[in-house]
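Below is one structure, written out as structure tokens; comments come after it.
The figures that follow rest on heavy atoms only: side chains count, while hydrogens, waters and symmetry mates do not.
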Amino acid sequence: MTEYDPQAGGPVYDPQAIEAKWQKRWAEARVFETEMDASKPKYYVLEMLPYPSGTLHMGHMRNYAIGDVVARVKRMRGYNVLHPMGWDAFGLPAENAAIEHNTHPRAWTNNNIAEFKRVLQLFGFSYDWRREISTCEPEYYRWNQWFFLRMLERGLAYRKKSRVNWCPKCATVLANEQVVNGCCWRHEDTPVEAKEIEQWFLRTTAYADQLLEDLKQLEGGWPERVIAMQRNWIGKSQGATIQFAVADLAGAGTIEVFTTRIDTIYGASALILAPNHPLLAKLLAGSPARADAEARVAKMRQMSVKAEDVATAEKDGFSAGRSAVNPFNGAKIPIWVGNFVLMEYGTGAIMAVPAHDERDFEFAAKYGLPKPIVVQPREGVPLTGSTLEAAFTEYGASVNSGPYTGLESAAAIEKMAADAEVKGFGKRETVFRLKDWGISRQRYWGTPIPVVYCGKDGLVPVPEEQLPVLLPPNPKLTGMGESPLAAEPSFVNTTCPRCGGPARRETDTMDTFMDSSWYFYRYCDPHNDKAPFDSAKVGYWFPIDQYIGGITHAILHLLYSRFFCKVMRDLGLIRHGEPAARLFTQGMVQKGGVAMSKSRGNVVGAEEMARKYGCDTGRLYTLFAAPPEKDLEWSAKDIEGCSRFLNKVFRLVERHAAKLQAAQPTTDSASATEAEKALVRKTHQTLRRVTQDFETRWHFNSAIALIMELLNDVQAQAPLEEKIRAGSLKEILELMTLMLAPMVPHLAEELWEMLGHANGLRNERWPEYDAALAKEVEVEVVVQVNGRVRGRIRVAAGLSEEEVVARAVEEKGVAQHLDGKRVVKRIVVPDKLVNLVVA
RNA sequence: GCCCGGGUGGCGGAAUGGCAGACGCUGAGGACUUAAAAUCCUCCGGGGAUUUUUUCCUCAUGUGGGUUCGACUCCCACCCCGGGCACCA
């Protein structure tokens, strides 16, 4: 590794040689392989598993660098650390790439995995590679199928028709993300249609309340915004459902309406149904407006289901020609159909209260419906029908509301809901925004859904002993039409497990979020072929102590994982109710203001950086350039600075190492010079603050800055060998090395060896700072007059208040500002500051 | 519209009620060198005064108020930027 540098007269820092050397030693000594060990506290640190997509760039690298620092610090702290890595290997990009390059998704995926793994290993991340998993392997996905069957047994998996985005040219379902400006992403002139097709769903709504409630357990451990986003997504509303009888139509029954503002029901001037409301056909039967109405409904149904299109669409509606009866006062109100009423939420019908709801106001204004006022603001100008310019949606006092007139809104809601229950035309209800999780995908590269359809027995689950249902090896992939599995007769045609007769397999595959919902349990027991995992092993390692990943997964992956966790707990497989005690969402690495990604073509390859500067420098850069939770803009110049720093550290140690190898580190300061004492003090102060930054704040950027400062202080003491005795210098350099070890592990190992240690860092513990050595003997105290800095004095640490003030008032700049004035108050912060308040 | 973040030099950022701008980058000047690279040293928020390589004053952390001896930090209101959800009844 050591080339001779004629200028410096010694070996130069050669990161590639050092890194290869230590990675080889770590592998030989199996340093990062972990087993259960009851004698140590456990620590499970995990970075979200990557989708292997080609180039491993600095954005990926940052994520793993953060996790690796945590893993290495915890090891130095004496924890038994589980730190695994695997591959989220199924998914659409592999299938599209396979079509484009005329290859097989498996070949494409495995190439990418090999590439990712090679680069991760080049960076020396401290993974236990024996635990590696790949979700596209049958040994893994058979357990997706197993979980699916367990959910099917419990009624948590079911089939239903649902409204989806449909491209008529592709003849397939599109994800919301694949709808661009209302059209198919591949056929930009083809509007996406809303279509109802049969799909598999997982009943996430069965856990809506728990998913919401348990967020409280995560407070403090998860970022607030992730908790807020999940709460938002689950969207709990409490209210009441009210039954409105249909007037003048025998046998039409009642229309159910959900409302959170039952107190405004006396102001309802219409009922509005969703265009696909099941009762609509009955209401329109025999009506003269029927043909026209059906055409309008058909048009409304074609509207895109994309959220922002729906939100901005103009309100549209028509009268159904019928009326309903307000159960509170018997008033007849007309029934309308409106495009803004969603069948998917609540009951698919609303009561329109134009005076007290913005949407209803807009609808009523367009169609000339009355806007009776039934709530008045508690203060300010009362509302009148002629001056009402916008809906008043706040709480106030009920008016024109029969027996409830005069009640405050909250009291009216309570009383009216209770009365509705007593009288039997309504009940209190809680509604969630969360929908069941649609998992069917008409794609090849995913887990086959393990059910068959038999002409005689109907839907039959594949028996557990027949798992895995394997993907057919050589599919015809076109990216069009239904699932590629449907075109494989050898896959589709099977026998019914129940009657032995001919049957068809389900040809849809599972959403790949299934794969990533439970992968972290598999790491605990990756080669189990009898069960997804051994509960005892998971019991030892779980919950994940620290989960690290991008904010992009704040809802989908993390919500599905939480759902799986609760289902698994109810299946008796695990005992905990939340998968991860702490979550950290790191910022993205950007270039040109946008996240690095292959599709944008703005990636800076991690390998390229490792070749140019060494992987330790690459790691240090991502840790130093910004606090880990913030986005960071890639800078080629800043990484140069990090490289300079590590070079300086290397040269410093290299220059003195030979003389220090035999020395004993010493903390004896009796005969030390002032410079030496100051440097030892600085070292221990740095250690104290770096320890804090690692343990409690994760301010790696500040920790690195502190070590840089220490290095600058050491270098300011030239010539070092004259000013600092060998024992002290060794102590200083060793502590510096240990502090750097979690962030630049290869260089730290090399420095440690240069300092005379033969056994590497693997058994070294994180050092404790020495409070006595860190203590300042002399401090600079700031002197303020009326809160403004007027001078600084150097005094012995711990000097009494009286003495400090006595010294302070003598200070030239201070005295000048005190001249002729009376000190009315003085504030003394020991060893820090004096503030004299003068009148 | 609702819910989260966030606004500090030329740039990334530091400072968790006590010296605003640590540390790094960029830039300027210098040393070494035949030269370059590397390395090392000095300076680097604005305005002003001054006895001008000195000493000091003053303004400055999105804006305006407030609390406090003291506010980048806490409170209130507003502006701007980023993200999430969005006819959710």
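- For A/R644 and B/C25, the shortest distance from a side-chain N or O to OP1 or OP2 is below 4.0 Å.
- Near RNA chain B, meaning a heavy atom under 4.0 Å from it, residues 822-830 of chain A has A/K825, A/I827, A/V829 in order of number.
- Rounded to whole angstrom, the span from the CD1 atom of A/I707 across to the P atom of B/C23 amounts to 15 Å.
- Applying the salt bridge (Lys or Arg N to Asp or Glu O under 4.0 Å) rule to pairs touching residues 830-839 of chain A yields nothing, sequence neighbours excluded.
- Under the salt bridge (Lys or Arg N to Asp or Glu O under 4.0 Å) criterion, A/R688 pairs with no residue at all, not counting sequence neighbours.
- Contacts between residues 778-787 of chain A and RNA chain B, defined by a heavy-atom separation under 4.0 Å, are made by A/E780, A/V782, A/Q784.
- Rounded to whole Å, atom P of B/A38 lies 18 Å from atom OH of A/Y13.
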Run the side-chain donor-acceptor check on residues 698-721 of chain A: report pairs under 3.5 Å with partners two or more places apart or on a different chain.
residue, atom, partner, partner atom, Å
A/H699, ND1, A/R697, NH2, 3.3
A/E709, OE2, A/K682, NZ, 3.0

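- OP1 or OP2 of B/A86 sits under 4.0 Å from a side-chain N or O of A/R433.
- Classification of B/G9 as syn follows from a glycosidic angle within 90° of 0.
- The nearest whole Å value for the distance from the NZ atom in A/K682 to the C1' atom in B/A22 is 9 Å.
- A/F513 contributes atom CZ, which lies 9.5 Å from atom CG of A/L558 (distance to the nearest 0.5 angstrom).
- Partners of A/F340 by ring-ring contact (aromatic ring centres under 6.0 Å, His included), not counting sequence neighbours, listed by chain and number: A/F363.
- For the pair A/H553 NE2 and B/G83 C1', the interatomic distance rounds to 16 Å; values are reported in whole Å.
- With sequence neighbours excluded, no residue forms a salt bridge (Lys or Arg N to Asp or Glu O under 4.0 Å) with A/E256.
- Residue pairs meeting the salt bridge (Lys or Arg N to Asp or Glu O under 4.0 Å) criterion with at least one partner in residues 548-557 of chain A, sequence neighbours excluded, are absent.
- Legend: residues meeting salt bridge (Lys or Arg N to Asp or Glu O under 4.0 Å) with A/R62, ordered by chain and number and at least two apart, are absent.
- Applying the salt bridge (Lys or Arg N to Asp or Glu O under 4.0 Å) test to every pair with at least one member in residues 351-360 of chain A, sequence neighbours left out, gives these pairs: A/D357-A/R359.
- The phosphate of B/C88 has OP1 or OP2 within less than 4.0 Å of a side-chain N or O from A/R359.
- For the pair A/K630 and B/G6, the criterion of a side-chain N or O lying under 4.0 Å from OP1 or OP2 is not met.
- In terms of phosphate contacts, A/S237 brings a side-chain nitrogen or oxygen within less than 4.0 Å of OP1 or OP2 of B/A89.
- Close to B/C56, at under 4.0 Å from its OP1 or OP2, lies no side-chain N or O of A/R790.
- A donor-acceptor contact under 3.5 angstrom links the side-chain atoms of A/N835 to the base of B/C69.
- Between A/N701 and the phosphate of B/A22, there is no side-chain N or O to OP1/OP2 separation shorter than 4.0 Å.
- Looking at residues two or more places apart in sequence or on another chain, you find no salt bridge (Lys or Arg N to Asp or Glu O under 4.0 Å) involving A/K637.
- Residue A/R697 has a polar side-chain atom (N or O) positioned under 4.0 Å from OP1 or OP2 of B/A15.
- In this entry the distance linking CZ of A/R655 with C1' of B/C40 reads 11 Å, nearest Å.
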Item checked: Watson-Crick and G-U pairing of RNA chain B written in dot-bracket, each distance under 3.5 angstrom, with | for inter-strand partners -> (((((((..(((.....[....))).(((((.......))))).(((((.....)))))..(((((..]....))))))))))))....
